[in-house]
Amino acid sequence: MSLARRLSVVVARLYAYVYLRGFRVWSTYRTQMALNVVSWVLPVFTYYFTGTALGARIVSGAFRMRPQEYTPFVVIGLAFQGYVSSVITTISGRMRNEQLMGTIEYYLMTQSGVLGMLIYSTLWGFIMNSISMAVTLAIGYGLGVRYAASGLPAAVIIVAELLTATVGISMVAGGVVMITKQGNPVAFFFSTVTTLIAGTVFPVSVLPAWLRYVSYAVPLTPALQGLRLSLLDGVGVGGVLWYILVLLAYDAVLLPLGVVVYTYGFNRARRDGTLSEY
């Protein structure tokens with residue numbers, strides 16, 4: 001197949017998956033659109049008022065930061081924790097939807113293959129997650145949070161590494177749901193528990209010592225620390241090099257692990273004849 005032909009196939013698939021099946025379907029359900037926007041906006045204001053008004057004494061005492069420092073802290077945490085938790089559930093959620101609609105077996109007969117189907121069918125989810133992150137950061141700016149342009153290159157590197165590690169975790173979750181059908185401990189842990197232990201809305205330093213060690217089992221913890229330094233303090237690549245190297249180690253482990261677990265789960269379900277069961 002020529003290069004031009006390959007490009008036309010890719011563009012056609014992007015149009016079908018992202019626009020027709022993604023945006024057109026999402027924009028049809030106006031109530032769901034409104035609820036999506038509210039779910040992006042409301043948490044930022046909730047923690048803003050908690051930190052600046054209702055919980056100012058807690059923020060100053062337990063967290064050892066001024067109330068005006070808490071809003072930038074929590075905006076970065078909410079933006080990227082929400083992004084990570086949504087990405088993690090995107091693949092397993094897509095697999096679940098295809099099972100419920102009875103269309104997952106049809107994908108196997110297409111030229112995209114198992115991994116191709118995975119990539120194309122989750123693109124819209126990634127786009128929605130990116131919009132959610134951008135909206136959260138924009139609301140933070142409206143509340144007085146100022147981002148340092150000098151730290152943008154470092155932040156881009158950290159986000160790319162965090163996304164790579166998160167895709168690996170998401171693929172693990174997708175492989176698990178092919179076997180368990182209902183109940184996914186991987187997606188639950190990384191999308192829910194990380195709010196508590198990864199330093200999303202309060203510093204990791206206030207956690208018990210043993211839980212602090214557990215918090216570093218997830219890539220979001222060092223990523224948030226590096227992102228706060230780069231986006232809020234303007235620290236360059238050299239200043240966050242340690243976090244970049246740590247995330248690189250996460251990528252080297254989680255992405256291959258994700259491919260292995262996802263492929264195993266898919267092949268096992270197909271071998272056992274349970275691919276479309278839910």
Side-chain angles (χ1 to χ4, degrees), residues 43-44 46-48 50-52 54-89 133 136 140 145 151 154-155 157-170 172-173 184-235 237-255 257-258:
V44 181
T46 299
Y47 285 105
Y48 171 75
T50 299
T52 58
L54 303 177
R57 184 176 301 176
I58 297 175
V59 169
S60 301
F63 297 172
R64 296 183 179 88
M65 63 176 67
R66 293 176 298 173
Q68 58 266 35
E69 295 175 333
Y70 182 67
T71 299
F73 179 92
V74 79
V75 163
I76 298 296
L78 289 176
F80 292 98
Q81 192 279 334
Y83 187 53
V84 166
S85 63
S86 298
V87 169
I88 287 174
T89 57
M133 178 186 66
T136 302
V145 179
I157 295 174
I158 292 174
V159 171
E161 291 184 320
L162 176 62
L163 181 59
T164 301
T166 303
V167 168
I169 298 171
S170 185
V172 172
N184 194 325
V186 176
F188 175 80
F189 177 82
F190 283 99
S191 64
T192 304
V193 180
T194 51
T195 306
L196 172 66
I197 67 173
T200 302
V201 296
F202 52 81
V204 175
S205 58
V206 304
L207 294 172
W210 66 271
L211 197 53
R212 258 177 274 161
Y213 291 110
V214 176
S215 72
Y216 282 95
V218 295
L220 181 62
T221 304
L224 286 180
Q225 294 175 350
L227 286 169
R228 287 182 176 117
L229 286 173
S230 58
L231 289 177
L232 300 178
D233 298 333
V235 177
V237 175
V240 295
L241 185 59
W242 166 251
Y243 301 107
I244 291 175
L245 294 176
V246 169
L247 288 169
L248 192 61
Y250 278 112
D251 294 345
V253 173
L254 292 174
L255 193 58
L257 179 64

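Numbers for residues simply follow the sequence, beginning at 1.
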(message) Just to verify, which of Val240, Leu247, Val246 counts as forming a side-chain contact (heavy atoms from CB on, under 4.5 Å) with Ile244?
(response) Val240
(message) Suppose we screen for side chain to side chain contact (heavy atoms under 4.5 Å, CB included). Which residues come up paired with Ala165, at least two apart in sequence or across chains?
(response) Pro219, Tyr250, Asp251, Leu254
(request) For Ala198 and Leu224, work out which heavy atoms get closest and say how close. (result) O-CD1, 3.5 Å
(request) Measure the CD1-CE distance between Ile76 and Met133 for me, rounded to the nearest 0.5 Å. (result) 10.0 Å
(request) Taking Ser170 for its side chain and Thr166 for its backbone only, find out whether a donor-acceptor pair lies under 3.5 Å. (result) no
(message) To the closest 0.5 Å, what do you measure between CG (Leu255) and OG1 (Thr164)?
(response) 6.5 Å
(request) Kindly give the heavy-atom pair with the smallest separation between Glu161 and Tyr243, and that separation in Å. (result) OE1-O, 4.4 Å
(request) Taking all heavy atoms of Arg228 and all of Phe73, pick out the closest pair and write down the distance. (result) NH2-O, 2.9 Å
(request) Would you give the length of the straight line joining atom CG of Leu162 to atom CD1 of Ile157, rounded to the nearest 0.5 angstrom? (result) 13.5 Å
(message) Quick one: does any side-chain atom of Ser215 pair with a main-chain N or O of Arg212 as donor and acceptor, under 3.5 Å?
(response) yes
(message) With heavy-atom distances below 4.5 Å as the criterion, would you say the side chains of Thr200 and Leu220 are in contact?
(response) yes
(request) Check Val235 against Gly239 and note the closest heavy-atom contact, atom names and distance. (result) CG1-CA, 3.4 Å
(request) State, with a plain yes or no, whether a side-chain heavy atom of Phe80 is found less than 4.5 Å away from one of Leu231. (result) yes
(message) Within the structure provided, determine whether Ile197 and Thr221 are in side-chain contact (heavy-atom separation under 4.5 Å).
(response) no
